[in-house]
Amino acid sequence: MSTMNPQGERSGGKGGGRPAPGGDRGDRGDMKDDEGRGGRGFGRRKVCRYCADRNVKVDFKDQSALKYFVTERGKIIPRRISGNCAKHQRQVAKAIKQARGLALIPYLMLQG
Amino acid sequence: MADKSTGAHLLREYETVFLVKPDLTDDNVDKVKERVRGIVNRDGGKFLRFTTWGKKKTMYPVAKQPRAIYVHAHYLGGSALVSEIERNLRNFDEVSRFMSKKLGERVDPESKPVLEDVKLSGDVDDNKPLGGAERDAYRPYDGGDEGGFEDNSFEN
């Protein structure tokens with residue numbers, strides 16, 4: 001025996017289960033902090049460490065400084081992640097390539 | 001214009017880092033250094049300082065060797081001098097790799113004193129490929145400022 005689907009009785013409503021426009025968009029709490037950044041992103045603003053300290057120069061011989069701009073695999077970290085300004089990112093990228101030529105920094109670090 | 005009249009004999013400032021094969025004795029390394037120094041003095045340059053970083057582990061094999069002796073030369077001269085040094089380094093069997101870089105333009109040779117050569121110990125511990133803390137503490141051309149990178153807080 002076939003019985004009436006209970007959903008059929010509720011189908012008179014417009015739009016089914018869709019929320020009404022302007023209705024509840026979920027409880028996101030207080031978003032005032034993110035308003036300036038399009039409601040996205042959290043964390044602090046990154047600063048170019050070579051701009052922060054004018055005394056420090058980009059130096060291809062300084063392995064300990066350059067390793068902060070290289071991944072574990074040996075790839076150059078983009079400036080959107082490292083926080084470098086464009087000028088210093090160019091200098092850092094060049095210094096890394098020069099250090100690689102002298103085997104101070106690896107071209108590629110194989111893992112596993 | 002006034003600069004030109006006062007600075008009659010201005011040179012460029014260069015540095016060259018070259019890698020020497022690790023099985024060489026100190027005497028043989030010194031011979032290579034003296035030959036480079038001789039070229040600079042012969043060709044109208046001014047040699048400032050040699051810094052021997054010592055035997056270090058390279059990040060990849062260079063000339064089929066896992067280590068190399070790094071030597072850093074700091075000098076003043078013209079562009080022809082650099083190409084002459086590089087031509088000679090290419091001919092030295094002991095030298096496996098080199099790189100030159102310009103540090104400054106229009107440098108007065110009188111303003112740069114000749115410094116004593118420095119010899120550093122290099123990587124003593126094989127498990128420390130990024131070592132060279134001693135070299136990190138030392139800056140050959142920082143202009144005398146404090147200038148240390150904030151992260152060179154290794155012991156030593």
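Just so we're on the same page: letters track the sequence lines, and every chain starts at 1. Everything numeric here is computed off the predicted structure, so don't read it as measured data.
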Worksheet entry | Under-4.0 Å salt bridge between A/Asp59 and A/Lys61 | yes
Item to complete: Just say parallel, tilted or perpendicular for the rings of B/Phe50 and B/Phe18, cut-offs at 30° and 60°.
Response: perpendicular
Item to complete: Please flag which part of B/Val17 lies under 4.5 Å from any non-hydrogen atom of chain A: side chain, backbone, both or neither.
Response: both
Fill in: Within 45° cone and under 6.0 Å: A/Arg49 NZ/CZ vs A/Tyr68 ring
yes
Worksheet item: Is the NZ or CZ atom of B/Lys56 both under 6.0 Å from the centre of the six-membered ring of B/Tyr70 and within 45° of that ring's axis?
Response: yes
Fill in: Under 4.5 Å from a heavy atom of chain B, the part of A/Arg54 involved
neither
Worksheet item: So which of A/Gly101, A/Gly74, A/Ala103 has the biggest tally of heavy-atom pairs under 4.5 Å with chain B?
Response: A/Ala103
